[in-house]
Structures are given as structure tokens and as C-alpha cells.
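Here the structure is a predicted model, which is why all the values come from computation and not from measurement.
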Amino acid sequence: MSRKEHPLVWHCHDDRNFAELMDGWLFHGKGCIHPDDIHSADRRFLAKSSKRVYRDRYRDIFKSADGMGLRLFIGAEHQAHVHYAMPVRIMDYDSVSYSLQKDLIRRQHEEAQDLAEDERLSGFSETDRLTPVITLVLYCGSRPWDGASRLHQLLDLERIPQQLRRYIADYRIHVLDICHTSDRRLKEFPPDIRVLFFFLKYRDDPEKLKRCMAKEQDIRRDTYDTIAESVGEQRLKDIRPEEKGGKINMCKAIDLLIADGEKRGEKRGIAQERQNTKRAAAAAERAKQKAQREQERARKAEKRVKELEQMLRLQMHDR
């Protein structure tokens, strides 16, 4: 995880923010997941595959969701850059999670001594079940996600006959490419997550950002802090818009972005003009130096001609 991803990870560690993120992703913002349904789970996975071999993995975020008649583990991996082997990475995370669940069930059976002979071999009874694990890759990079979304896209299947490919297990991952997801889809997320996503998507186009957020401008302070750190605008970090009812109105923040954008544009224009002036001066200096070199060569050539003429006159005189 790079430092660019830290603000988002910090924001989503909060159960309320995580619930809103997952509700927008899984249920299109219908309010099916509530903060009370979310509980932190151990982000570190340490599995043992043999006496001396351990598998140690860390999730960016890993929580359990209870309620809605289901129970599941949800992982979130935040990416600022494309990870081209992501299906293998996610498959590994999920696999270790299932292995840990299986090991826990096995230890419980060992303590209870309640398994029949066939079940004892696997440490798993016919009626045991694992808790489902799903993982969201939250990608906030500026260029579209062009990495694989399925394991098969990483495999060299060219030399595998078509009729045999169905026997090769596939593994699909879920990527939410924030900056290249449609505005209509992003608007299905709860307000704070929606505003955060729009700021990430249109950080370089404040006018478009303002149009997208015309009706939705009040957010919680923790979301505002995450936006300020993620966007990297110093004025957003230093200046806080007025708070109303514990929330922050984003109109002023967007106006600051527009003003800063205009100032940066003016500065870029002045800097470009200065650079053009320097380039023109340098070109003029180079032309001047070239002309001087040409004049020097011409002077030397003329001097040499005169020397040759003098030598010829002396030779003629001697004869």
C-alpha cells in the first residue's frame, strides 16, 4: 500500500464509512448495510501449510458483516496504481481466509472429539460450512484499470486445447475504478462516499465537479479531511468551510479549488511566457554565436588567401 492510499484506507476503517461503501457497491445505496452490521476482523492472516512453512498476509481492510439474513467477510484493497497480477493476489488473500476458518473448525472438533472416522481425516464434518469472503479492489488511479479481472487472463492458454480449458479453474475479482465509473453509478453511493468519489474523479476539473455536486454538498468532517489529503490541495487542508449541523458545506471548498485552478493557470501562463522568453533569448544568443563563428571563419579564410597570394608573388619575383 502506497502513501497515496493511506487517506482512503483510514477513512474506510471507520465502520460507518465502510458500511456506506459496501452498501453503495453491493446494494446500489439502498441502505441494506448499516454500521451496526459491521465489525472489525483481523487484517493479518497467518496460516501454516507445514511444520516450518507459514503464510503471512495483510489486508488493507477486513471486516465482517452480520445482518440481512447473512454473514460474510468483506475485504477491501485500495490501489493507486494498476496491479497486473491482482487476481493471484486476491485469490491468495481469500484462500488464506478460508484456510484459517477451516483450521478453526478443525481445532474445535479436536477439542470436542465429535467427528466420525471419515470426517476426522479432514477435520471437517459433512455439515460444517465456511463464511463467504468477498473482496473489493478500490482503484483510484488517474488512468483506466487495464489489469486482469480474471485469473484466466493471466494464464497462457494458447497451447491448451479449447475443449480442455473448461477444466482450468478461473477466479474473478471485483474492481471499482473510481475515476472511470459513470457518474450515474457513483451517485448510487451514500452522500459522503459519493462526494469523496466525485472529488477523486474530477480533482482536475472543478467546474465539472461543481455541476455534479450541485444538490449534494454537506459531508462529515472525516470525509472532508480525507478529501483534502487525497486531493492534495493545500488550501483545502488549511481552510475549513463553515460547519452546519456537524457537517461541512462543500460549496466553498469547490470554489477554492476553482480559484486555485485559475491561479495555477495564471502561474502556468506566466511561467510559460517566461520560458518562451528564455528560449527566444537562448536561440538569439545561439544565432549570434553562430554568426560570430562564421565571421571568424571568413576572416581566417581571407587571411589565408592573402598569405597564399603573397607567397605566389614572392615565387614570381624569385624567378
Once ring pair (Phe, Tyr, Trp, His ring centres under 6.0 Å) is applied, do any residues pair with F18, and if so which ones, sequence neighbours excluded? none
Please state whether the rings of F62 and F73 are parallel, tilted or perpendicular, taking 30° and 60° as the class boundaries. parallel
Look up atom CD1 in I227 and atom CZ in F198, then write down how far apart they are to the nearest 0.5 Å. 11.5 Å
Is there a side-chain contact between D37 and D15 in this structure, where contact means two heavy atoms from C-beta onward sitting under 4.5 Å apart? no
Just by distance, do the side chain of K63 and the backbone of H13 share a donor-acceptor pair under 3.5 Å? yes
State, without any angle test, whether S125 and D128 hold a side-chain donor-acceptor pair at a distance under 3.5 Å. yes
Side chain proximity check, D14 to C12, heavy atoms < 4.5 angstrom: no
Check whether any side-chain heavy atom of D23 lies under 4.5 Å from a side-chain heavy atom of H34, and answer yes or no. no
Look only at the side chain of T223 and the backbone of I219, and say whether a donor-acceptor pair between them is shorter than 3.5 Å. no
List the atom of R143, the atom of H180, and the distance in Å for their closest heavy-atom pair. C-CE1, 3.1 Å
Among side-chain atoms of D114 and H109, is any donor-acceptor pair under 3.5 angstrom? yes
Donor on one side chain, acceptor on other, D183 and Y202, under 3.5 Å: yes
Show the nearest heavy-atom pair for residues I38 and A65, with the distance to one decimal. CD1-CB, 4.0 Å
Are E77 and R89 close enough that some pair of their side-chain heavy atoms sits under 4.5 Å apart? yes
Hey, are the side chains of L186 and K201 touching, using non-hydrogen atoms and a 4.5 Å cut-off? yes
Is Y139 close to T181 at the side-chain level, that is, under 4.5 Å between some pair of heavy atoms? no
Point-to-point distance, once rounded to the nearest 0.5 Å, from CG of L21 to CZ of F197: 5.0 Å
Run the side-chain contact (heavy atoms from CB on, under 4.5 Å) check on V88 and L151 step by step: do they pass? CA-CA 7 Å; V88 175; L151 178 62; 4.0 Å; yes
Check: T226 side chain, D222 main-chain N or O, donor-acceptor pair, under 3.5 Å: yes
Among Q292, K290, R297, which residue meets the side chain to side chain donor-acceptor pair (under 3.5 Å) test with E294? R297
Any chance the side chains of R165 and Q162 put a donor and an acceptor closer than 3.5 Å? yes
Going through the distances and angles, do C140 and L8 end up as a side-chain contact (heavy atoms from CB on, under 4.5 Å)? CA-CA 9 Å; C140 56; L8 274 178; 4.0 Å; yes
Audit row: E110, R107, salt bridge (charged side-chain N to carboxylate O under 4.0 Å, His left out) steps and yes/no: CA-CA 5 Å; E110 288 177 350; R107 290 195 297 270; over 6 Å; no
Where is the tightest heavy-atom contact between P87 and S149, given as atom of each residue plus distance? CG-C, 4.3 Å
Please report the closest heavy-atom contact between R129 and F124, naming both atoms and the distance. N-CZ, 4.2 Å
CZ of R150: more than 12 outside heavy atoms within 6.0 angstrom? yes
With no hydrogens and no angle check, do the side chains of D192 and N17 hold a donor and an acceptor under 3.5 Å apart? no
Tell me whether R59 is salt-bridged to D94, with the criterion being a basic N under 4.0 Å from an acidic carboxylate O. yes
Please check if V96 and L104 belong to a single hydrophobic cluster, counting links between Ile, Leu, Val, Met, Phe, Trp and Tyr side chain heavy atoms closer than 4.5 Å. no
Audit row: E188, R185, salt bridge (charged side-chain N to carboxylate O under 4.0 Å, His left out) steps and yes/no: CA-CA 5 Å; E188 295 176 345; R185 177 67 179 96; 2.9 Å; yes
4.5 Å side-chain heavy-atom contact, V137 and L176: no
Applying a strict under-4.5 Å side-chain criterion to I, L, V, M, F, W and Y, I'd like to know whether V82 and V175 cluster together. yes
For the residue pair I90 and I173, what are the closest heavy atoms and their distance? CB-CG2, 3.8 Å
Residue pair R203 / S230, side-chain donor-acceptor N/O under 3.5 Å: no
Would you find a donor on one side and an acceptor on the other, under 3.5 Å apart, between the side chain of D177 and the backbone of P144? no
Side-chain donor/acceptor of Y98 to backbone N/O of V133, under 3.5 Å: yes
For residues L130 and L121: do they belong to one hydrophobic cluster (side chain heavy atoms under 4.5 Å, members Ile, Leu, Val, Met, Phe, Trp, Tyr)? no
May I ask you to test the L136-M22 pair for a side-chain heavy-atom distance under 4.5 Å? yes
